[in-house]
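Read the structure below first, then the notes.
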2 protein chains.
Amino acid sequence: MTVTLADVAARARVSPATVSRVLNGNYPVAASTRERVLLAVRELDYVPNGPASSLAAATSDLVGVLVNDIADPFFGIMAGAAQSAIGEGAGGRGGAEKLAVVCNTGGSPERELTYLTLLQRQRAAAVILMGGSLEDPEHLAATSGKLARLTEAGTRVVLCGRPPVPGDTGAAVLVFDNRAGARLLTEHLLALGHRRIGYVAGPADRTTTRHRLEGHRQALAAAGVPEGPTVHGPYDRRSGHEATAGLLARDPDLTAVVAANDTVALGVCAALRERGLSIPGDVSVAGFDDLPFSVDAVPALTTVRLPLHAAGARAGRLATGAEELPPGGPAVVPVELVLRGSTGAPRG
Amino acid sequence: MTVTLADVAARARVSPATVSRVLNGNYPVAASTRERVLLAVRELDYVPNGPASSLAAATSDLVGVLVNDIADPFFGIMAGAAQSAIGEGAGGRGGAEKLAVVCNTGGSPERELTYLTLLQRQRAAAVILMGGSLEDPEHLAATSGKLARLTEAGTRVVLCGRPPVPGDTGAAVLVFDNRAGARLLTEHLLALGHRRIGYVAGPADRTTTRHRLEGHRQALAAAGVPEGPTVHGPYDRRSGHEATAGLLARDPDLTAVVAANDTVALGVCAALRERGLSIPGDVSVAGFDDLPFSVDAVPALTTVRLPLHAAGARAGRLATGAEELPPGGPAVVPVELVLRGSTGAPRG
DNA sequence: ACCCCGATAGAAAGCGCTTTCTGTCACGGA
DNA sequence: TCCGTGACAGAAAGCGCTTTCTATCGGGGT
């Protein structure tokens, strides 16, 4: 069958213990012995049995990265950055590389819990949850319990782009300043002179959706401008496309639309164009996230840039323990307003 | 510490063996006993130790999905579909759900081999490799050996969108008909009257790049039209943006540009616009893949649609064994030409 | 010359589960 | 009444590692 550590030991004429020590490098072994063992490893093409190691050592080198939608570059970029950071961190037990794996929850709370359980079974070294979560109290409680359990078992937990769950779960938390971003964006539109601003929000009940909406409202309130029509929908172009009709029906004199994210904004733009409205001549459009394609949209999208790459990498480092978060609540990641061609002063 | 199977057994007043049998459901257990065990499991919030199970049973429920670039929706869509298919397949040993994990190789052959070794260590149930590979003979040989080793060890291997590696590795192979797609696209441009067609190809040495280029050349040859300038680069918008200058320098009278994929095409469009060239008035542009944003480009991109979702899902089913491939070489996935606004007849 | 010590290496006891091999028991047929 | 026969359940032997605990050996201190 497969080559085991014992085979290597026999071939190198040493005890299994010695082979283990050579491989994990956490114990003095004479250079000559080490050479002999490594030679045997190469000759036999030995690959250690991961489950056996994990069982005996009571830890594994698996790091789980949970994302809401793997097909969305928003998550792809963050997850990729995290995975790189984790890979580079290299050293784990005995310098063994960590296996960063990304799991796609599809935004479903059940699947999220399932994956957490699966990772708990695997005794994962760390778990990173990326992206906003549902705000349903029941789900939050379940998640909170699960995360606490994981932390207890020695699994590091990192939340990236998601607010802390209730209860002290011992998780490291990184949140984007969505409120500030949305506020900046709306202030920009107000400064341009817009007074009738529509809003295509993300799915209701999601933290990210709520925060962005709150920032938007804060800016409006501060300026004494009444809130325009709001429509909720998923984070896809279709949502933006369909929502646009609803928005215009509720206020035909809209001069600007803020979208839940850039993908949605693209849908909004398409719908406006189909109605013969020009951007930003007739209606200004703004997105959120600054995904790679946003600069190539026509006109290029004004948006709020989230440092996805940096945040993902940081989450990765937190997961491997290469970085520690200062105590005292979540670390807030600043966001930045990016002005481009899709917003301008309203006509007249 | 953590709850073990023995704890559950004690609480349910049965032997560990019985608990195991209840959990894996592959042996007759009296209903009353089963109830008692399940109750104890719930009361203690028992989560089985994955490594221990894997060790004892000599298999795990991990399925690895290797992708070249997780931030690219091309891979995100396929990987997401595969993950769903695998999750739905449910039943594994004892109906245990499989953990589909995606690993980002970043297109690096070394990382790819590293991940394969890591998955081999974990005694993964299956491995799916997505996307074109390097054509370097040495790397192919190494990969081939690794895959053969995995297959021997009982891991199912699926190649999705990548040609078979040399040697009989026992892998199930799904390939996109890239040649035919590129041929159709170029034939379309030729039919519109284009005779000077530039080509922004993907990274040299990649199977996908070569196949698309071959299809392009076949069409040109069949029509007796000389090949235009070609530039190679990565699959990102920047590559398309930069390549455009080179293409125009080599042939200022270009009337059409074929891009390696839609993302690159976006970069090409941006560069053309910056030079004051209209699309498709002055230059037609075509992409490849039909990613979600392509329909919202301005003008909307003419492209070759790959059934990414369907192919990913099928790869997932092949990985779980829910579907078998008919013998006789790789299954060829058909592609489809999608005509949109970015291509038109050349001026004059 | 004796002893203690540092540097290595081996023996062996698990890690928590699966699974074969043995029971044990209640029952129906003879 | 006795025994064969299912239907269950327990005992125990690993799965392939890690890691204490223990043994060995060659020196340097006194």
Side-chain angles (χ1 to χ4, degrees), chain A residues 1-38 40-41 44-61 92-96 120-123 125 153-154, chain B residues 1-38 40-41 44-61 92-96 118 120-123 153-154:
Chain A
M1 263 280 288
T2 20
V3 180
T4 73
L5 184 144
D7 300 330
V8 175
R11 176 153 192 119
R13 322 199 110 272
V14 297
S15 73
T18 300
V19 176
S20 172
R21 295 198 265 249
V22 168
L23 262 25
N24 295 298
N26 46 17
Y27 200 84
V29 174
S32 63
T33 312
R34 174 196 316 288
E35 283 314 315
R36 206 140 37 88
V37 169
L38 290 178
V41 165
L44 297 177
D45 195 13
Y46 169 63
V47 175
N49 181 310
S53 306
S54 298
L55 174 57
T59 73
S60 86
D61 36 16
R93 284 183 333 89
Q120 186 183 355
R121 283 181 65 134
Q122 300 298 328
R123 303 296 187 259
Chain B
M1 264 281 289
T2 21
V3 179
T4 73
L5 183 142
D7 299 330
V8 175
R11 174 151 194 120
R13 322 201 113 271
V14 297
S15 73
T18 300
V19 176
S20 171
R21 294 197 267 248
V22 168
L23 262 26
N24 295 299
N26 46 18
Y27 200 84
V29 174
S32 62
T33 312
R34 174 195 316 287
E35 283 314 315
R36 206 141 34 90
V37 171
L38 290 178
V41 166
L44 296 177
D45 195 13
Y46 169 64
V47 175
N49 181 309
S53 306
S54 297
L55 174 56
T59 72
S60 85
D61 37 17
R93 282 183 333 88
L118 251 25
Q120 185 183 355
R121 283 183 65 136
Q122 301 296 330
R123 304 297 188 257

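Because the structure is a prediction, the values reported are computed rather than measured. Labels below follow one simple rule: chain letters A, B, ... track the order of the sequence lines, proteins then strands, and each chain is numbered from 1.
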State, to 0.1 Å, how close [X] and [Y] come at their nearest heavy-atom pair, and which atoms those are.
X     : Y     : value
A:T4  : A:Y46 : C-CE1, 3.5 Å
A:R13 : A:R36 : O-NH1, 3.8 Å
A:L44 : A:V3  : O-CG2, 3.5 Å

Does a side-chain N or O from [X] land closer than 4.0 Å to OP1 or OP2 of [N], or not?
X     : N      : result
A:Y46 : D:dC17 : yes
B:S20 : C:dT18 : yes
B:S15 : D:dG10 : yes
B:T18 : D:dG10 : yes
B:T33 : D:dA9  : yes

Of the candidates C:dT18, D:dG16, D:dA12, the side chain of B:A17 sits closest to D:dA12

Testing C:dT18, D:dC17, D:dC8 for proximity to the side chain of A:S53, the answer is D:dC17

Using whole Å, what does the distance between atom [atom2] of nucleotide [N] and atom [atom1] of [X] come to?
X      : N      : atom1 : atom2 : answer
A:L5   : C:dA12 : CG    : P     : 17 Å
A:R34  : C:dA9  : CZ    : C1'   : 13 Å
A:N24  : D:dC17 : CG    : P     : 11 Å
B:L44  : C:dG16 : CG    : P     : 15 Å
A:N49  : C:dC15 : CG    : C1'   : 13 Å
B:Q122 : D:dC17 : CD    : C1'   : 13 Å

| field | base_contact_polar (D:dG16 base, B:R123 side chain, donor-acceptor, <3.5 Å) | value | no

Is it the case that the base of C:dT20 and the side chain of B:R21 share a donor-acceptor contact (distance under 3.5 Å, atom types as modelled)? yes

Please work out if B:P48 contacts a base, only the sugar-phosphate, or nothing of the nucleic acid, heavy-atom cut-off 4.0 Å.
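Sugar-phosphate, no base atom in range.
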
Query raised in the report: So what does A:V14 hit on the nucleic acid, given a heavy-atom distance under 4.0 Å: a base, only sugar-phosphate, or nothing?
Result: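 Since only primed, P, OP1 and OP2 atoms lie under 4.0 Å of A:V14, the category is sugar-phosphate.
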
Where the side chain of B:S54 meets the backbone of B:G50, is there a donor-acceptor pair that is under 3.5 Å apart?
-> yes

Here's a test of your reading of the structure: between B:R13 and B:L55, which maps to the more 5' nucleotide of DNA chain D?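 Closer to the 5' end of DNA chain D: B:R13.
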
Rounded to the nearest 0.5 angstrom, the CZ-CG distance for B:R34 and B:L23 is 10.5 Å

